[in-house]
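Everything below concerns the one structure shown next.
Because the structure is a prediction, the values reported are computed rather than measured.
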Amino acid sequence: EDDDEEEEVESGGGGADEDGDDAVHEKEENEESVTESCSSENGGECVVGDDAENATKKEEKEQEETRIERSTQTLVHREQLVVTDVSSSGDDDQAKEMTVLRMPTEVKHTYRSRLQQLLDADDERARKADYFNALEGRILELRSLVSEDEQLALVSTEHERETIDAFLTAAEDWMWGDEAGSAASLKQKSVELEKQVEHVLLRKRELDLRPVVREKMAQWLDDVEQNVTVMRDLFKMRGSNET
């Protein structure tokens, strides 16, 4: 019996060795097949483990980007429009249905006149807005000038400044009334405003220019004096030469 058990153990060990050899042989065949597939796909380079996983992710990402780029492309289809003039005098019912009726001349003139009226109204609104903003800005500018400018106070009396301020207040109230309903009326009010303040502004401008004019006048007098001195010296030299 002991001899039989030893034989069975030996036979069992022999079977295990054979199984191990078969597994090693199968593993070598798998590695050879992997090597062949890598050499055919990657030009002789093969990556395994994490490198293989990264390469697979990179390839999937490139495929996804290519798919997105292709999906966002815009296709433009152009087709030439063909217009056919169908006469209404024919007997064909289909031709009559396709016919576009011409607009009567009277209706056409009416619509053109109405369209022109709308365009004129738009232009009037735009001009009115421009004159309104210009007048409002000018009133604010002059009010600040009358109340704060020291140069203007030197060339105007208190009564003149009060008169101008009252006119500015009245003009500002007038702007928000019904009388300022057109661009022409706003333009006329701007003209009246400038006439009301022009004499005071002229004095202020003269006062502002006075230092510049005084300097130019002094320079002119210096030039005249030098010319007179030169002429006097020339006459003296001429008289001494004659004697």
Side-chain angles (χ1 to χ4, degrees), residues 71-209 212:
S71 64
T72 55
Q73 292 180 350
T74 303
L75 299 178
V76 179
H77 175 72
R78 291 185 176 86
E79 186 172 349
Q80 185 176 3
L81 179 64
V82 180
V83 180
T84 304
D85 186 12
V86 182
S87 176
S88 60
S89 60
D91 297 334
D92 191 359
D93 294 338
Q94 184 178 1
K96 291 181 179 179
E97 292 178 358
M98 295 174 62
T99 302
V100 178
L101 299 179
R102 296 184 179 276
M103 182 181 296
T105 305
E106 295 80 3
V107 177
K108 186 185 297 184
H109 290 331
T110 302
Y111 288 161
R112 284 181 177 177
S113 177
R114 186 177 301 174
L115 178 60
Q116 188 61 43
Q117 291 176 1
L118 294 174
L119 294 175
D120 294 340
D122 289 338
D123 293 340
E124 174 67 17
R125 280 192 291 270
R127 288 195 302 269
K128 180 181 177 181
D130 292 339
Y131 284 122
F132 186 92
N133 293 332
L135 181 58
E136 185 179 24
R138 186 59 173 166
I139 289 174
L140 296 175
E141 180 185 1
L142 291 174
R143 177 173 288 124
S144 176
L145 195 65
V146 170
S147 61
E148 299 177 2
D149 193 270
E150 297 179 357
Q151 300 293 327
L152 186 67
L154 295 176
V155 296
S156 63
T157 63
E158 184 177 357
H159 176 70
E160 288 176 331
R161 293 192 295 274
E162 290 177 353
T163 303
I164 293 174
D165 186 68
F167 186 87
L168 295 175
T169 302
E172 189 175 17
D173 295 338
W174 174 87
M175 289 176 58
W176 301 99
D178 296 335
E179 295 180 359
S182 64
S185 60
L186 290 167
K187 183 178 179 180
Q188 182 62 31
K189 180 61 67 173
S190 298
V191 173
E192 295 176 2
L193 179 61
E194 295 300 329
K195 288 183 178 180
Q196 186 71 24
V197 298
E198 62 180 359
H199 62 287
V200 178
L201 295 181
L202 178 60
R203 297 176 202 165
K204 180 181 180 301
R205 183 170 180 273
E206 291 176 348
L207 181 62
D208 294 337
L209 293 176
V212 179

Of D149, V200, V197, which is the lone residue that meets side chain to side chain contact (heavy atoms under 4.5 Å, CB included) with L142?
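Testing L142 for a side chain to side chain contact (heavy atoms under 4.5 Å, CB included) against D149, V200, V197 leaves exactly one candidate, V197.
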Could you pull out the closest heavy-atom pair between V146 and L152, with the gap in Å?
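Closest approach of V146 to L152: CA-CD2, 3.6 Å.
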Run the side chain to side chain contact (heavy atoms under 4.5 Å, CB included) test against T157 and tell me which residues pass, sequence neighbours left out.
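Once residues adjacent in sequence are excluded, the partners of T157 under the side chain to side chain contact (heavy atoms under 4.5 Å, CB included) criterion are H159, E160.
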Salt bridge (Lys or Arg N to Asp or Glu O under 4.0 Å) between E141 and R138, worked out
CA-CA 5 Å; E141 180 185 1; R138 186 59 173 166; 3.2 Å; yes
Distance (rounded to the nearest 0.5 Å) between D123 CG and L118 CG
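Answer for the CG-CG pair, D123 versus L118, is 11.0 Å.
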Between atom CD of E136 and atom CG of L140, what is the distance when rounded to the nearest 0.5 Å?
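It is 6.0 Å, given to the nearest 0.5 Å.
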Can you confirm whether [X] sits close enough to [Y] that some side-chain heavy atom of one is under 4.5 Å from a side-chain heavy atom of the other?
X	Y	answer
S113	H109	no
T163	Q196	yes
V155	E206	no

Donor-acceptor contact present, side-chain R161 to main-chain S156, <3.5 Å:
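It does hold such a pair.
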Salt bridge (Lys or Arg N to Asp or Glu O under 4.0 Å) partners of residues 106-122, not counting sequence neighbours, each pair once:
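As it turns out, the salt bridge (Lys or Arg N to Asp or Glu O under 4.0 Å) pairs with a partner in residues 106-122, which skip direct neighbours, are D122-R125.
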Return all side-chain donor-acceptor pairs below 3.5 angstrom for residues 165-189, not counting sequence neighbours, or 'none' if the list is empty.
from: T169; atom 1: OG1; to: D165; atom 2: O; distance (Å): 3.0
from: E172; atom 1: OE1; to: R143; atom 2: NH1; distance (Å): 3.2
from: E172; atom 1: OE1; to: R143; atom 2: NH2; distance (Å): 3.3
from: W174; atom 1: NE1; to: E179; atom 2: OE1; distance (Å): 2.8
from: S182; atom 1: OG; to: S185; atom 2: N; distance (Å): 3.3
from: S182; atom 1: OG; to: S185; atom 2: OG; distance (Å): 3.1
from: S185; atom 1: OG; to: E179; atom 2: O; distance (Å): 3.4
from: S185; atom 1: OG; to: S182; atom 2: N; distance (Å): 3.4
from: S185; atom 1: OG; to: S182; atom 2: O; distance (Å): 2.8
from: K189; atom 1: NZ; to: E192; atom 2: OE1; distance (Å): 3.4

Do the charged groups of R127 and E124 touch, with an N to O distance under 4.0 Å?
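The answer is yes: the pair qualifies as a salt bridge.
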